[in-house]
Structures are given as C-alpha cells and as structure tokens.
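Data first, discussion second: the structure below is written as structure tokens.
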Number of protein chains: 2
Amino acid sequence: MTVKRKPAPATAEHAPLQLEHFLPYRLSILSNTISQAIADDYQRRYDISMTEWRVMAVLARFEGLSAREVAERTAMDKVAVSRALARLVAAGRVDRAIHDDDRRRSVLSLTEAGWTMHDEVAPMARAREREVLAKLDDEERAWLTRILDKLLPAG
Amino acid sequence: MTVKRKPAPATAEHAPLQLEHFLPYRLSILSNTISQAIADDYQRRYDISMTEWRVMAVLARFEGLSAREVAERTAMDKVAVSRALARLVAAGRVDRAIHDDDRRRSVLSLTEAGWTMHDEVAPMARAREREVLAKLDDEERAWLTRILDKLLPAG
DNA sequence: CCGTTATAGTTACATATGAAACCACTTGCA
DNA sequence: TGCAAGTGGTTTCATATGTAACTATAACGG
C-alpha cells in the first residue's frame with residue numbers, strides 16, 4: 001500500500017538556503033526598500049515612474065546623450081528607455097532633437113520644466129540617502145563605499 | 001523674438017545626482033546583477049520565475065507555512081505569492097493542504113519533486129554568492145555583514 | 001445565535017516589462 | 001555607386017505585476 005510520506009524536514013540533509021543570511025536576498029530587500037521610499041516621494045507629487053526619474057537623472061548630469069547612451073548609463077534596456085522618453089517628451093520634461101551627423105540618433109536634454117522638477121526631486125533623493133547612511137558610523141560608511149567599489153562591475 | 005535657449009548646463013547651479021556615487025542606485029545595480037545571474041541559472045534549466053524560486057526557498061526552510069507567512073518571509077505581496085503558488089502546485093513542486101483549525105489557511109510544503117529541484121538549485125545559488133564574496137577579503141566580508149545587519153529593517 | 005468586522009486567499013483589471021520583429025538610417029566593402 | 005550588414009530607436013505581443021474588488025471562513029460582541 002502506498003503511503004504518502006511527508007517530505008524530509010528541512011535539515012542538513014537538504015541544506016536549504018537561509019535567506020536571512022543570504023547576500024543576494026538581503027541586498028535585494030535593502031535595495032527595494034530604499035528605491036521604493038524615494039519613488040514614493042516623487043510619485044506622490046509628479047506622475048512619473050522610477051525608470052523615468054532615472055532617465056531624467058542622467059540627463060541632468062550629461063546633456064545631449066542619445067537614447068542608447070542613456071540606456072548604458074542607467075543599466076536599463078533600450079525598450080524601457082524608449083518608452084520612458086516617449087512619456088517624458090510628451091510631458092514636456094525632455095527635449096528630443098536629431099543628431100546632425102547621424103539622423104538615427106536622438107539628442108536629449110531636460111527642458112526648463114524638466115530642470116524645475118529635477119531640482120525639487122534631487123534633494124529629496126539625497127535626503128533619503130542620508131537617512132539610510134545615518135544608520136552607519138563614519139567607519140562603516142567608508143567600508144561600504146569601498147565594498148561597493150569592489151563589487152560593482154565597472155568598479 | 002523668442003530664442004529657444006538651451007537649458008542651463010549640468011553645473012553646481014542644478015546639483016544633479018551623481019548616480020555613480022549614489023547609494024540607492026549602486027545598490028540597485030548590484031542587487032539586480034546578482035539576482036539575475038542566479039535566476040539565469042535556474043530559468044535555463046527549469047521553467048520557474050524568481051518569485052517562484054523564493055517561495056520554494058522559504059518552504060524548504062519552514063514547512064507548513066501559510067501563504068501569508070510565505071509573503072511575510074519573502075517580502076513579496078500576497079497576490080504575487082498566490083500566483084507563484086498556483087504555478088508551483090500545478091507543476092507538482094508544492095503541496096497545498098488546508099489547515100485543520102482554520103479552513104481559510106493553506107498548509108504548504110515542497111513535494112518530492114520540489115525537494116529534488118531545490119537540492120539542485122540551492123548549491124548553484126550558493127556558488128553565485130561565493131563568486132561575489134570572493135571579490136572581497138575577510139575583513140571586507142565581515143564589514144559587509146555588519147553593515148547589512150544595521151541597514152536592514154529587521155536588523 | 002446573529003450580524004458586524006477582520007483575515008486568508010483569489011480574481012479582474014489596468015499598467016509595466018522584456019524579447020523579438022521591425023523601420024530608418026549609416027557604414028563597410030565590392 | 002549599390003548592396004549587405006550593422007546600429008539607433010520604436011512597435012508588437014506575450015507575460016508579469018500591483019491595486020482593488022471579491023469569496024470564503026473565522027472571530028467578536030451583543
């Protein structure tokens with residue numbers, strides 16, 4: 001007769017991951033918590049998504065980028081960038097021109113309205129970052145920077 | 001006559017965020033890179049999403065949880081958990097029973113097939129974690145753990 | 001008991017996202 | 001030139017996700 005046995009308990013036999021000590025999981029929770037807090041700030045005030053804000057943030061730093069360059073710098077894929085740009089241009093926050101020498105490329109920059117919004121959102125984002133970093137002391141902050149430098153691809 | 005002026009350049013006047021030094025952004029990139037690497041491992045082999053894997057991971061650790069408890073432990077919302085469970089049960093990887101005393105609650109556990117898959121995926125996930133941590137020395141790893149403990153909500 | 005309120009979980013709808021196909025333009029090379 | 005291959009960007013389609021509404025059950029208070 002067939003007996004439906006309970007699966008083996010979660011012991012050494014199966015070595016389940018302990019998520020609460022598993023780096024990828026912890027990073028994911030931390031990152032999402034922080035990004036969502038910032039997003040809440042600006043989504044309340046403006047009708048703008050996280051991807052759109054990221055595009056605006058890079059255009060604030062680097063004027064005249066093409067869409068592909070924005071994608072590179074934001075680590076977003078080009079479809080996401082294309083869509084974000086469509087909304088930003090429609091909302092009058094980004095200006096899109098065509099590159100003189102290569103008519104495929106766009107030349108992107110913030111409009112005055114875009115800058116106005118940027119200048120309100122950027123300080124809020126920085127404030128959130130400070131809130132997080134306030135939980136650490138100087139020594140920990142220094143190590144965190146160093147560790148991220150080593151772990152991040154381009155660092 | 002109206003002259004279309006170029007928006008002010010990205011100088012101190014506007015204080016744009018420097019994403020490459022902005023903690024929330026850097027964490028996001030790092031977290032996504034790592035999680036995606038792990039996901040690539042198991043999505044290639046099994047037809048399973050990141051959310052489904054997370055549900056399996058907590059069920060491997062804690063048998064008999066309800067869906068709500070899974071949601072709490074994975075920091076996912078209950079709808080996402082509900083959908084992940086529907087697929088996992090359909091695929092024969094999770095067994096869903098009804099709680100004796102409260103017929104609203106489900107009682108969840110991995111099936112034999114679920115355990116088999118778990119036992120193949122968990123080592124791959126751990127291997128990816130090791131790859132990341134290998135970029136750090138002992139001292140840095142210790143600081144990272146300490147820093148995450150301080151930054152994470154429940155820590 | 002009976003109605004109100006709360007909770008576990010699912011469903012429906014609207015929106016977001018990613019992969020692949022696609023269009024426009026440019027480049028490289030015969 | 002002119003055509004094959006490559007690149008910037010958009011569109012399409014299929015899937016994923018979040019919010020709110022809903023169903024079923026339980027808990028509570030009279």
Side-chain angles (χ1 to χ4, degrees), chain A residues 28-29 31-33 35-37 39-40 42-44 46-55 58-59 62 64-91 94-109, chain B residues 28-29 31-33 35-37 39-40 42-44 46-55 58-59 62 64-91 94-109:
Chain A
S28 170
I29 299 287
S31 170
N32 290 343
T33 304
S35 290
Q36 196 51 58
D40 286 348
Y42 54 70
Q43 282 169 348
R44 207 169 296 149
Y46 310 93
D47 177 34
I48 196 169
S49 69
M50 193 148 27
T51 63
E52 286 164 55
W53 167 246
R54 280 202 178 162
V55 169
V58 303
L59 290 180
F62 308 98
L65 294 185
S66 69
R68 189 186 56 73
E69 291 166 328
V70 170
E72 270 171 21
R73 289 192 179 273
T74 52
M76 292 163 52
D77 81 77
K78 65 177 186 168
V79 178
V81 170
S82 171
R83 284 194 268 241
L85 283 171
R87 293 201 61 206
L88 289 169
V89 170
V94 165
D95 181 69
R96 171 158 48 189
I98 292 177
H99 194 281
D100 283 339
D101 299 338
D102 183 345
R103 293 157 42 69
R104 292 169 306 180
R105 304 179 61 176
S106 41
V107 178
L108 303 161
S109 53
Chain B
S28 170
I29 300 288
S31 169
N32 291 342
T33 305
S35 290
Q36 197 51 58
D40 286 348
Y42 54 70
Q43 282 169 348
R44 206 168 298 150
Y46 309 93
D47 176 35
I48 196 169
S49 70
M50 194 151 21
T51 63
E52 287 164 54
W53 167 245
R54 281 201 178 162
V55 169
V58 303
L59 290 180
F62 307 98
L65 294 185
S66 69
R68 188 185 57 72
E69 290 166 327
V70 169
E72 272 172 20
R73 290 193 179 271
T74 53
M76 294 163 51
D77 81 77
K78 66 177 186 166
V79 177
V81 170
S82 171
R83 285 194 266 240
L85 284 169
R87 293 201 60 205
L88 289 168
V89 169
V94 165
D95 181 70
R96 171 157 51 188
I98 293 175
H99 193 282
D100 283 338
D101 299 338
D102 182 346
R103 293 159 39 71
R104 292 170 306 182
R105 306 179 59 179
S106 42
V107 178
L108 303 161
S109 53

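Keep in mind it's a predicted model, so treat the numbers as computed, not measured. Order of the sequence lines fixes the chain letters, A, B, ..., with proteins taken first and strands second; residue numbering starts at 1 for each chain.
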task: Please lay out, stage by stage, how A:Met50 and A:Tyr42 fare under the test side chain to side chain contact (heavy atoms under 4.5 Å, CB included).
output: CA-CA 9 Å; A:Met50 193 148 27; A:Tyr42 54 70; 3.5 Å; yes

query: Below 4.0 angstrom from OP1 or OP2 of D:dT10, is there any side-chain N or O of A:Arg68?
result: no

query: Which nucleotide, D:dG9, C:dG9, D:dT7, lies nearest any side-chain atom of A:Arg104?
result: D:dT7

message: Is a donor from one side chain sitting under 3.5 angstrom from an acceptor on the other, for A:Ser49 and A:Arg54?
response: no

message: Can you tell me if B:Ser106 touches the phosphate of C:dG9, counting only side-chain N or O atoms and a distance under 4.0 Å to OP1 or OP2?
response: yes

query: Do the side-chain N or O atoms of A:Ser82 get closer than 4.0 angstrom to the phosphate oxygens (OP1, OP2) of D:dT10?
result: yes

message: Rounding to an integer number of Å, can you tell me how far B:Glu72 CD sits from C:dG9 C1'?
response: 14 Å

task: Report the distance from atom CE of B:Met76 to atom P of D:dT17, rounded to the nearest whole Å.
output: 8 Å

field: Any donor-acceptor N/O pair under 3.5 Å between D:dG18 base and B:Arg83 side chain
entry: yes

task: Please report, rounded to the nearest Å, how far the P atom of D:dT7 is from the CD atom of A:Glu69.
output: 15 Å

5' priority, DNA chain D, between A:Leu108 and B:Asp101 [closest heavy atom]: A:Leu108

task: Give the rounded distance in Å between these two atoms: CZ of A:Arg87 and P of D:dT10.
output: 15 Å

query: Rounded to whole angstrom units, what separation is found between the CG atom of A:Asp77 and the P atom of D:dG9?
result: 13 Å

- prompt: In whole Å, what is the span from the CG atom of A:Asn32 to the P atom of D:dT17?
  reply: 12 Å

- prompt: Taking 4.0 angstrom as the limit, do A:Arg73 and A:Glu69 come out as a salt bridge?
  reply: no

- prompt: Does a side-chain N-to-carboxylate-O contact under 4.0 Å join A:Glu52 and A:Arg83?
  reply: no

- request: Map A:Thr51 and A:Asp102 onto DNA chain C by nearest heavy atom, then report which one ends up closer to the 5' terminus.
  value: A:Thr51

query: C:dT11 P sits how many Å from B:Lys78 NZ, rounded?
result: 13 Å

- request: Measure the distance from CG on A:Leu65 to P on D:dG9 and round it to the nearest whole Å.
  value: 10 Å

- line: DNA chain D nearest-nucleotide lookup for B:Ala80 and A:Val107: closer to the 5′ end is A:Val107

- prompt: Picking from D:dT25, C:dG18, C:dC13, which would you name as closest to the side chain of A:Val79?
  reply: C:dG18

- request: I would like to know whether B:Leu85 and B:Val70 meet side chain to side chain contact (heavy atoms under 4.5 Å, CB included); could you show each step before the answer?
  value: CA-CA 10 Å; B:Leu85 284 169; B:Val70 169; 5.5 Å; no

field: Side chain of B:Arg96 (C-beta onward), nearest among D:dG18, C:dT17, C:dG9
entry: C:dG9

